[in-house]
Amino acid sequence: MVKSLSCCFLIFSLTLLGYIPASAQDECELTLSRAVEEFNAGHHYGIPSMLGPCLEKNQNKEWRQRAYLLLAETYLLLEDPFGAEKSYLEVLRANPEFLTDEKRDPIDLVYLSSKFTSTSIFTLSARVGPNVSFVRTLVDRGTYSDDVKKSNILKPGFQVGVGVDWNYDDHLSVMLEGNFVFSAYRQRVTGMFGRDELSVFDRQTWVRLPIAVKYSASKGQYRPYGYIGFSWDLLLGDRATIQYKDQNYNPETERVESIDRESPILKFKSKRNAFNHSIFIGGGVKYKVKLDYIFADLRYSFGMTNLVNDKNSIYDYKNQTDGTSEGFQDSGDGAFRWAHIDDLFRMDNLFISVGYIHPLYKPRKLKKAHSRSVLRSIKKQGDEIKVD
């Protein structure tokens, strides 16, 4: 019996706790409705005190927008510019993307709105996605004298990154990112020493710092954008695996027999230039989700630097100064054991990304109001009234 009473009391308590906020919300909704009736009846002086108690409570943003908008119109009619400006600033804090409409709102409220903006000064973003790399050969090199055929095969990589935009206005911004990139390519060489084949699978790890100028659409559910920029690229690591197919003719079997070998992971970072740079172009589309966005982005990066450290192409002179040391000799395994020397090359990249954008809205009064168009509308309305 006691257990049943305890359960009933718990259910009653939870129901009561849910009812109290709902009742308070309904009460404030009724208060706002009465305030609108008073406003329409021309009774303006009592509206601020009528709405005051509810505004001190934690009302939802939609209610606060409507309440402060009514207060802004009320203070304008009471010729209280300070109260009107303070109220309209609260409207933007409740809804940073609120815009007045000349066809819907009183012209004095539209004029007041021209003194304010909530455009975000900074916008944060995060991205992730796949990429592919394109090798552009500058100088063809090798350990062979025969004519060979080389082909570069696309291999997938991926990138993750974060960024911040400084917004000059609703359209123009400067974008700065920090990206962690894994890229890869495979080079296949056929016809070595007549029949042999060589395959090099090279993987790089990068930190890239792109900076760009971006132009974006500012209205609509879908908002396209485009940009162009420059990137500083730091190579953190480079690992390669070489597969060699040694094909020899066996006169006893009267056929070509293949001996396949694969190298351990070879560290090629010392054979690369660590500091590189690139230029890039790109664009995408943002999809609005409440006050934030999700986006899809396509970017092509043009490598501007030869990635190969010509001095260390065979041996690692950077880390091993003693030419007789074991480490120094091992660094030449790629050339002497696996018959591979890198071409001098640049690398382009195609990046596909999806991500999330969070604007940091900051409602504020403008130092210089954008009110010329509003004044023209007021003059036009006055002229129409005179004509009538």
Side-chain angles (χ1 to χ4, degrees), residues 61-62 65 88-89 91-105 109-131 159-179 208-231 279-302 349-374 376-377:
K61 292 184 176 181
E62 188 273 337
Q65 174 188 324
Y88 191 79
L89 191 60
V91 171
L92 294 181
R93 286 173 180 161
N95 180 8
E97 295 194 336
F98 175 78
L99 296 174
T100 55
D101 187 339
E102 294 181 11
K103 297 180 180 179
R104 179 195 64 204
D105 300 312
L109 183 65
V110 177
Y111 181 78
L112 175 66
S113 70
S114 67
K115 299 179 180 180
F116 294 85
T117 183
S118 57
T119 298
S120 56
I121 299 176
F122 295 102
T123 301
L124 306 180
S125 64
R127 63 178 59 228
V128 64
N131 67 70
Q159 71 278 344
V160 295
V162 294
V164 58
D165 289 11
W166 174 74
N167 302 302
Y168 177 75
D169 55 28
D170 290 338
H171 298 284
L172 198 62
S173 61
V174 176
M175 174 181 71
L176 177 64
E177 292 179 355
N179 295 322
R208 299 193 176 215
L209 300 175
I211 185 170
V213 176
K214 180 164 66 175
Y215 185 86
S216 308
S218 61
K219 296 182 180 179
Q221 193 75 24
Y222 293 91
R223 303 185 183 184
Y225 62 88
Y227 53 83
I228 183 170
F230 178 89
S231 178
I279 59 174
F280 60 91
I281 58 173
V285 62
K286 301 182 292 186
Y287 177 76
K288 189 167 179 55
V289 181
K290 295 183 179 179
L291 296 179
D292 297 330
Y293 303 86
I294 57 176
F295 70 91
D297 184 278
L298 182 67
R299 176 182 304 177
Y300 194 89
S301 173
F302 301 87
N349 296 94
L350 178 66
F351 300 99
I352 301 174
S353 300
V354 294
Y356 192 79
I357 296 174
H358 176 64
L360 300 178
Y361 290 103
K362 186 180 179 180
R364 58 202 182 276
K365 187 176 180 179
L366 294 168
K367 294 181 180 179
K368 184 178 180 181
H370 304 307
S371 53
R372 290 185 179 180
S373 61
V374 181
R376 285 196 295 268
S377 296

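If you're wondering where the values come from, they're calculated on a predicted model, not measured in any experiment. Just so you know, residue 1 is the first one in the sequence shown, and it goes up from there.
- At least one donor-acceptor pair under 3.5 Å links the side chain of R364 to the backbone N or O of T119.
- The distance from the OH atom of Y215 to the NE2 atom of H171 is 4.5 Å, given to the nearest 0.5 Å.
- Atom OH of Y356 has more than 12 neighbouring heavy atoms from other residues, nucleotides or ligands inside a 6.0 Å radius.
- Partners of K365 under the side chain to side chain contact (heavy atoms under 4.5 Å, CB included) rule, at least two apart in sequence or in another chain, are E85, F116.
- Legend: residues meeting side chain to side chain donor-acceptor pair (under 3.5 Å) with T100, ordered by chain and number and at least two apart, are S113.
- Contact of the L172 side chain with the V213 side chain is registered, since non-hydrogen atoms from C-beta on lie closer than 4.5 Å.
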Problem - CA sep, side-chain torsions, deciding dist, call: W166, L176, side chain to side chain contact (heavy atoms under 4.5 Å, CB included) - result: CA-CA 8 Å; W166 174 74; L176 177 64; over 6 Å; no
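- Taking every heavy atom of both residues into account, R299 and P210 meet most closely at NH1-CG, 4.0 Å.
- One distance of note links CZ of R208 with CZ of F351; it measures 4.5 Å at 0.5 Å rounding.
- Counting only N and O atoms by type, the side chains of S125 and D165 include no donor and acceptor under 3.5 Å apart.
- Relative orientation of the F280 and Y227 rings is perpendicular, given thresholds of 30° and 60° on the angle between their planes.
- R223 and G220 make their closest contact through NE-O, 2.8 Å (heavy atoms, listed as atom of the first residue, atom of the second, distance).
- Atom CD1 of I211 is separated from atom CD of E177 by 10.5 Å, given to the nearest 0.5 angstrom.
- Taken to the nearest 0.5 Å, the CG atom of D292 stands 11.0 Å off from the NZ atom of K286.
- Counting heavy atoms from C-beta outward, D101 and V110 have side chains that stay 4.5 Å or more apart.
- Take Q159 and apply the side chain to side chain donor-acceptor pair (under 3.5 Å) test, not counting sequence neighbours, and it matches N131, S353.
- Under the 3.5 Å distance criterion, the side-chain polar atoms of Y361 are matched with a main-chain donor or acceptor of L291.
- For the residue pair F98 and V91, the shortest heavy atom distance occurs at CD2-CG1, 3.8 Å.
- In this structure, the separation between NZ on K362 and CG on N167 is 13.0 Å, given to the nearest 0.5 Å.
- Shortest non-hydrogen contact noted between P359 and S120 is CB-OG, 3.7 Å.
- Rounded to the nearest 0.5 angstrom, K288 NZ and I357 CD1 are separated by 10.5 Å.
- Contact of the N179 side chain with the R127 side chain is registered, since non-hydrogen atoms from C-beta on lie closer than 4.5 Å.
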